[in-house]
Amino acid sequence: RAKAAGRGRWLCYDAELNAVQVARYTLAEELPTALHRGEFGLLYQPLVEVGSGRLLGVEALLRWHHPRLGTLSPDVFIDLAEESGAIGPIGRWVLGEACARAAAWRRRFPSFVVSVNLATAQTYDPRLVGDVLTVLADTGLPPGSLQLELTESAMMAGSGAPMEALRTLAGHDIRIAIDDFGTGYSNLVYLRTLPVRVLKLARQFVDGLKDGGSPADAHIVATLIDLAHVLDLSVIAEGVETPEQLARLRELDCDAAQGWHLGRPVTAAAIDDLLTRDVRV
Ligand code: C2E
Ligand code: MG
Ligand code: MG
Ligand code: MG
């Protein structure tokens with residue numbers, strides 16, 4: 001009986017795995033046309049100054065409104081887009097859309113910053129610098145209002161052309177942020193040589209600041225905030241879900257935060273609303 005149950009499980013596992021592979025294959029095929037069909041959209045999550053509670057800007061988060069599968073998170077399709085090359089046009093669309101929105105928001109709120117995620121493959125695209133500067137010129141968004149988020153592994157792989165592109169962008173006053181900091185292979189000595197201005201602390205560590213959270217993780221957060229400040233970097237804590245976490249971050253002198261406690265990712269119209277109601281500058 002046990003053997004039969006075991007075999008049943010394997011069959012089930014195989015079937016599921018197969019379904020996932022088929023789904024991935026289909027998604028990869030659908031990706032290039034999804035853009036023309038207008039199936040992509042952006043949500044915007046508030047970035048909040050910890051000390052004052054003031055809105056600093058937003059992070060743009062991509063969604064694929066798939067006709068059969070519903071709304072998909074980029075975790076499901078970004079790597080497929082990178083493998084197939086579809087990330088080029090999709091990434092350019094994200095930048096254009098986010099910067100156009102931010103240019104309008106900045107007219108009401110001059111210090112407003114928009115943060116855009118870059119896939120590793122985009123940093124290897126020789127067109128990246130030209131694309132970003134063109135989008136800024138076309139939308140009228142000042143470079144100082146744009147932040148680009150890269151993962152640690154993208155930064156650490158960074159010698160040669162990608163790093164040169166990031167240096168050029170940083171030289172134009174665009175803010176470079178390391179996303180999910182602490183989850184990759186951090187080389188703290190190397191960090192000093194990178195054109196980075198912002199560290200985004202990964203939610204896994206920020207979870208340690210919850211009531212009953214891991215004291216070791218809480219300690220890591222405190223240490224990383226101090227380290228960032230020694231290196232003259234600004235720190236954004238990700239995944240702040242409770243008021244206790246925000247209070248702890250205030251004690252630890254963290255610069256900024258984002259998370260469900262401060263604001264879920266919402267549509268551009270909802271940010272319009274927020275800015276009309278909240279006119280502190
Ligand atoms: P990320 O850049 O680290 O973005 C934060 C993720 O955490 C988002 O997931 C956001 O919805 C989620 N989040 C925010 N606050 C909380 C919270 O309090 N608790 C929890 N549990 N989660 C929270 P999302 O939108 O599904 O995006 C996943 C990842 O996909 C992003 O992680 C980013 O790496 C990537 N991504 C998103 N948009 C883009 C894009 O336009 N281009 C590229 N290349 N990657 C993108
Ligand atoms: Mg991000
Ligand atoms: Mg992140
Ligand atoms: Mg992430």
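First listed ligand is number 1; within each ligand, the first listed atom is number 1. Note that this is a predicted model, so its numbers are computed, not measured.
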Below 3.5 Å, N or O to N or O, backbone or side chain included: is there any such pair between Leu62 and ligand 1?
yes
Suppose I only count heavy atoms of Val94 and a 4.0 Å limit; which atoms of ligand 1 are within that range?
41 (O)
Heavy-atom contacts under 4.0 Å between Asp180 and ligand 1: side chain, backbone, both, or neither?
side chain
Are the charged groups of Asp79 and Arg24 less than 4.0 angstrom apart, N to O?
yes
The Mg ion (ligand 3) to nearest N/O/S of Asp180 below 2.8 Å:
yes
Per-residue contact class, Pro265 against ligand 1 - non-hydrogen pairs under 4.0 Å
side chain
Quick one: does ligand 1 sit under 4.0 Å from the side chain of His261, the backbone, both or neither, non-hydrogen atoms only?
neither
Is the distance between the Mg ion (ligand 2) and the nearest N/O/S atom of Glu59 smaller than 2.8 Å?
yes
As a check for students: among Asp207, Asn117, Asp179, Val240, identify the option with a heavy atom nearest to atom 39 (C) of ligand 1.
Asn117
Looking at Glu149, the N/O/S atom that lies nearest to the Mg ion (ligand 2) is called OE1
Shortest-distance N/O/S atom, Asp179 versus the Mg ion (ligand 2):
OD2
With heavy-atom distances below 4.0 Å as the criterion, list the atoms of ligand 1 near Asp75.
28 (C), 29 (C), 30 (O)
Mark the output for Gln258 as yes if a heavy-atom distance to ligand 1 is under 4.0 Å, and as no if none is.
no
Is the Mg ion (ligand 2) under 2.8 Å from any N, O or S atom of Ser115?
no
Evaluating non-hydrogen atoms only, which member of Lys200, Glu59, Gln45, Glu241 is closest to atom 21 (N) of ligand 1?
Glu241
Atom indices of ligand 1, in the order listed, that fall short of 4.0 Å to a heavy atom of Glu238:
3 (O), 5 (C)
Side chain, backbone, both or neither: which part of Ile78 has a heavy atom under 4.0 Å from ligand 1?
side chain
Do the side chains of Arg248 and Asp211 get close enough for a salt bridge, i.e. N-O under 4.0 angstrom?
no
